[in-house]
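Report on the following structure.
First the proteins, then the strands, lettered A, B, ... as listed; each starts at 1.
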Amino acid sequence: MAKVQVLNVAVLDNPSPFGNPFQFEITFECMEDLPEDLEWKIIYVGSAESEEYDQVLDSVLVGPVPAGRHMFVFQADAPNTGLIPESDAVGVTVVLITCTYRGQEFIRIGYYVNNEYTDPELRENPPLKPDYSQLQRNILASNPRVTRFHINWEGLADKMEDSENVDPSPNISGMFPPSCIPGKMPHLGVMPDNSMDCISTSAM
Amino acid sequence: MLCKPIFSVDIHPDGTKFATGGQGEDSGKVMIWNMAPVLREEDEKNENIPKMLCQMDNHLACVNCVRWSNNGLYLASGGDDKLVMVWRRAAFIGPSTVFGSSSKLANVEQWRCVTILRNHTGDVMDVAWSPHDVWLASCSVDNTIVIWNARKFPEMVTTLRGHTGLVKGLTWDPVGKYIASQADDHSLKVWRTVDWQMEANITKPFSECGGTTHVLRLSWSPDGQYLVSAHAMNNSGPTAQIVERDGWKTNMDFVGHRKAVTVVKFNPKIFKKKQKNGSSPKPSCPYCCCAVGSKDRSLSVWLTSLKRPLVVIHDLFDKSIMDISWTLTGLGMLVCSMDGTVAYLDFSLDELGDPLNEEEKNSIHQNIYGKSLAITSTEAQLSTTIIENPEVLKYQQERQNSAQANSGPGGAAPESSAPKLNSVMNGESLEDIRKNLLKKQVETRTADGRRRITPLCIAQLDTGDFSPALFNSVPILPSGSSMSSQLTPQLSSDSIVYMALGFLIPAFTCLSHYLRSSVKSSLLLTSASKIEPMKALDSRFTERSKATPGVTAAISSTAGLTPLDRPKDGVTAQKEAKTKEETSSDSEDKMAAINKNLTFGKRKPELLLDGGEVVEKRKKGRPRKDKMAASMAQPFTQPSKVVAPPAPVAVLKLPTPSTQKAFSLQVSMEPSVFLEVENEVSMVAGSKLSQLRCSRDGRDWNTLLPSSVVVAAGSSDILAVACEDRMLSVFSSCGRRLLPAIQLGTPASALHCSAHYVMVLTAGATLSVWSVFSYMVRNTTECADFRSCLPSHDTPASSGPLAVMQGRNLNAGRLASRLSSTPHHMQQSMTLAFLENQLASALTLQSAQEYRYWLLIYARFLVNEGSEYRLRELCKELLGPVHKSAATSWEPTTLGLRKRELLREVLPVIGENLRFQRLFTEYQDQLELLRNK
């Protein structure tokens with residue numbers, strides 16, 4: 001069972017001009033004292049077509065985390081417009097908030113983001129080169145998509161033991177972090193094992 | 001409609017809610033529902049009455065079983081993730097939604113997982129709380145049954161091994177002597193709770209069974225006489241096999257279902273035939289009622305007095321029935337099915353008969369097993385009792401308020417229980433905090449230049465409180481008593497939690513507003529050309545980011561995690577071994593502890609002033625600190641009227657009677673009092689207990705003694721017994737211990753009682769006579785010695801001489817935990833004996849404060865346990881004669897405390913139990929009368 005439950009994420013400063021920083025107020029609850037920090041990230045999906053254009057807007061460590069309810073505001077700068085394909089600047093994309101513990105992602109919260117011109121004139125006839133100063137970012141805050149992953153909360157200590165016990169080849173284990181020693185874990189691809197609920201995408 | 005299967009259903013003992021367990025989207029799901037909309041249509045239509053109270057998807061895989069503890073405080077759930085989770089209502093947290101859940105239904109109640117029990121290596125199929133919640137049992141497809149110590153989670157008591165197939169059902173014997181399990185290995189096994197060994201292995205009716213049912217929920221009848229199995233076969237037909245407790249005979253079964261029986265559930269009530277108008281009242285045999293659910297989607301209800309089923313309901317569901325739960329009243333039933341639905345059935349008294357009340361049920365138990373389950377919750381019936389006295393009403397309300405303060409806002413109406421929006425923390429509202437959170441939160445840079453935010457802690461967790469509350473209630477706090485301070489921290493910490501958590505509710509209310517008011521439409525109406533990229537985007541929600549350093553796709557898959565689990569298992573195994581060691585030493589400790597408290601004799605001789613051997617022993621120095629608890633107050637009680645001088649050396653040796661296994665005698669003709677002694681009735685943690693039973697005018701009481709009774713005597717007023725360990729105990733006619741146990745120098749040779757005098761002739765030729773009523777101790781011996789060898793007490797709480805002598809080893813909580821492994825009636829007797837002893841000791845030591853403290857605890861215990869005779873006797877003694885008469889020997893004060901004042905303090909305690917409202921009124925009126933005089 002996950003030791004950390006996200007209870008709520010409030011999207012602050014929304015809607016806002018495209019250049020404003022993202023602000024999420026995150027409330028979470030922890031079952032027991034965590035010996036290590038949580039790492040939170042905001043990822044801006046630049047284009048639906050490829051992960052190539054993903055931008056990690058920022059990553060913060062959050063800690064120390066004793067048992068109890070906590071909240072913090074995660075603020076990150078707006079995406080670097082230079083890295084966004086021009087054709088994808090206007091329209092719907094996604095922003096992701098992820099949290100990892102001991103290098104393992106256990107929750108992913110996604111929001112649809114709609115970028116559009118506030119000026120009806122521009123909306124009708126958008127310029128070929130996007131004018132980011134005129135774009136408004138609107139995060140669909142009412143509809144977070146939460147995916148939870150099972151991770152090993154006990155963390156690295158076990159993995160270390162494991163690598164010592166299982167892997168006899170020191171030159172390989174020296175090259176990889178202990179969590180990705182080749183041959184030890186079957187590469188089955190990504191399998192979300194607890195995706196919370198799916199809004200009906202067919203409606204869109 | 002496509003629904004996820006519901007595997008289990010259980011109605012809360014208070015009947016206001018029920019839990020279901022089953023499959024969620026990608027996890028197991030436990031849900032708690034409000035009962036009211038199920039029972040009443042108008043409540044169902046009323047939008048202000050929530051239907052769902054809480055949902056928990058913490059189980060990683062399908063939940064196979066949910067069960068409420070008998071006291072209703074906990075919910076246990078077991079699932080395919082091999083885990084048993086124990087849930088407790090988190091007090092003082094208001095409604096919240098499950099973040100990210102599509103249904104914006106708020107959790108009206110917050111239930112929090114307080115402990116996770118890990119031991120099973122396969123899916124957990126069934127869980128069951130023992131009577132009085134001493135143990136929790138769980139069974140699994142790993143072929144084992146694990147017994148957990150429910151007073152000390154996650155401690156394991158034992159693992160029952162013997163099944164060679166998947167164990168799919170569990171049931172406790174209502175008197176707590178056995179637990180039965182049914183498995184796919186074609187057997188039903190009965191296990192003893194005394195030594196956790198197998199009592200019976202029943203295989204014959206199951207030999208033809210195939211492992212076709214998901215569950216095999218068997219059930220024990222409320223009178224304990226019958227055990228009914230799930231799936232059994234008789235002549236190739238599916239049946240529910242009836243197993244008789246007497247000899248585990250399997251001669252009868254419930255026949256008629258066309259497919260395997262998945263679940264059997266006895267109605268908690270025992271019924272008797274409803275008297276028809278006009279017909280002569282015939283005494284009829286009480287009977288039980290049993291519901292049987294099957295894979296054939298039908299449900300049958302049987303009365304043990306009828307050969308045919310009372311009712312059979314076909315096609316109730318589209319798929320197999322999975323679980324059944326009766327209400328505590330015995331008139332309602334919830335049934336759940338694989339098809340994802342739950343049905344509620346209710347019955348009338350005409351159909352089932354008249355349910356016996358708890359007293360009648362207890363007397364049936366008593367008749368069959370010679371003991372009763374006295375404390376079986378009587379709340380259900382008492383709620384219908386009319387309160388006759390306004391004062392009683394007041395105390396009832398106070399009690400409810402304090403109970404609510406303890407258990408959180410009750411009731412199903414969220415708005416009434418949610419604190420106001422202006423709740424504050426350190427004078428700052430959550431709103432203010434949120435406004436300034438970004439500015440105020442502490443952000444630092446780590447050595448490698450990364451941002452690090454210290455989150456703001458907005459609430460502590462109120463979990464993990466498994467300390468058994470003594471007598472299931474708020475500890476009494478005698479005002480001004482020195483003892484009270486030891487209990488206050490517990491209460492005040494509760495209220496701190498309240499302070500800390502109270503302000504959370506507004507946060508959630510305003511957040512949900514916030515969410516609702518935000519834009520929705522603009523995005524959903526994007527043009528069709530956007531659909532493809534939208535789908536592409538959708539996949540991003542569920543895929544882990546590749547950019548995450550240190551995380552590979554391999555580790556994110558569950559299969560990848562399995563090799564990691566292995567070494568952990570090794571560690572767990574080691575830990576287990578350790579735990580087991582600890583447990584065993586712990587139980588030894590317990591054993592010793594019980595010995596200390598119950599075997600008064602062991603170290604006494606060294607403290608006596610007479611006798612040759614004694615002098616020698618005293619030279620060995622001061623008794624060890626940890627033995628002090630054992631000493632209690634007995635060494636200091638010397639006969640007040642020693643007729644013969646103490647024998648200098650034991651030259652004389654009078655014959656002493658030999659110990660018999662059991663004997664009885666009539667001690668008085670008018671009123672007729674019979675005394676029955678049974679030695680070594682049971683072993684509790686290495687200490688042999690003897691039972692003293694007394695019947696006076698048809699009223700019975702009994703008590704336990706830590707040693708075999710050698711001689712007994714009595715008069716119409718008192719009873720006295722002398723034991724092998726040379727302890728003399730004196731009881732009132734209602735069984736109250738009047739004196740602390742008295743240590744005799746040598747074994748008793750003869751014992752005689754007359755009116756309120758006790759005479760003892762010892763083997764050492766000492767003749768002592770005690771007068772019970774004018775009893776005052778002249779000889780208080782030297783306390784100073786013992787005080788000096790004890791560490792000084794830093795808590796002002798334990799400051800009386802009694803507490804000093806007993807040391808701080810002795811506190812109620814520890815006592816309770818020591819007793820917890822014994823059956824309830826034993827605990828009750830032992831607690832009673834202990835409390836009476838404390839009282840008598842405090843009296844002997846003339847410690848008024850402690851006397852008052854223990855008196856109130858004692859009264860509360862009597863009130864809770866429902867011992868009216870003793871309570872009445874206590875009140876009578878405190879009140880004294882209402883009309884003055886010269887002949888009376890009643891003293892208005894005891895240890896300088898006015899008895900009637902004490903009675904005034906005791907009365908509110910009595911008023912808390914509705915059952916005693918007549919007693920309350922009676923004594924309150926008399927007190928009032930006396931005051932006016």
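Interface remark: of the candidates Q75(A), Q23(A), H70(A), H70(A) forms the most heavy-atom pairs closer than 4.5 Å to chain B.
With a 4.5 Å cut-off on non-hydrogen atoms, D88(A) does not touch chain B at all. With a 4.5 Å cut-off on non-hydrogen atoms, T446(B) touches chain A through its side chain but not through its backbone.
Looking only at atom types and distance, the side chain of E39(A) has a donor-acceptor partner in the side chain of S59(A) under 3.5 Å away.
A ring pair (Phe, Tyr, Trp, His ring centres under 6.0 Å) with F106(A) is found for exactly one of W153(A), F28(A), W40(A), namely W153(A).
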Does the side-chain hydrogen bond (donor to acceptor under 3.5 Å, both in side chains) test come out yes or no for N20(A) and D13(A), once each step is laid out? CA-CA 8 Å; N20(A) 271 20; D13(A) 188 24; 2.9 Å; yes
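For the pair R451(B) and F74(A), the cation-pi test (distance below 6.0 Å, angle within 45°) is failed.
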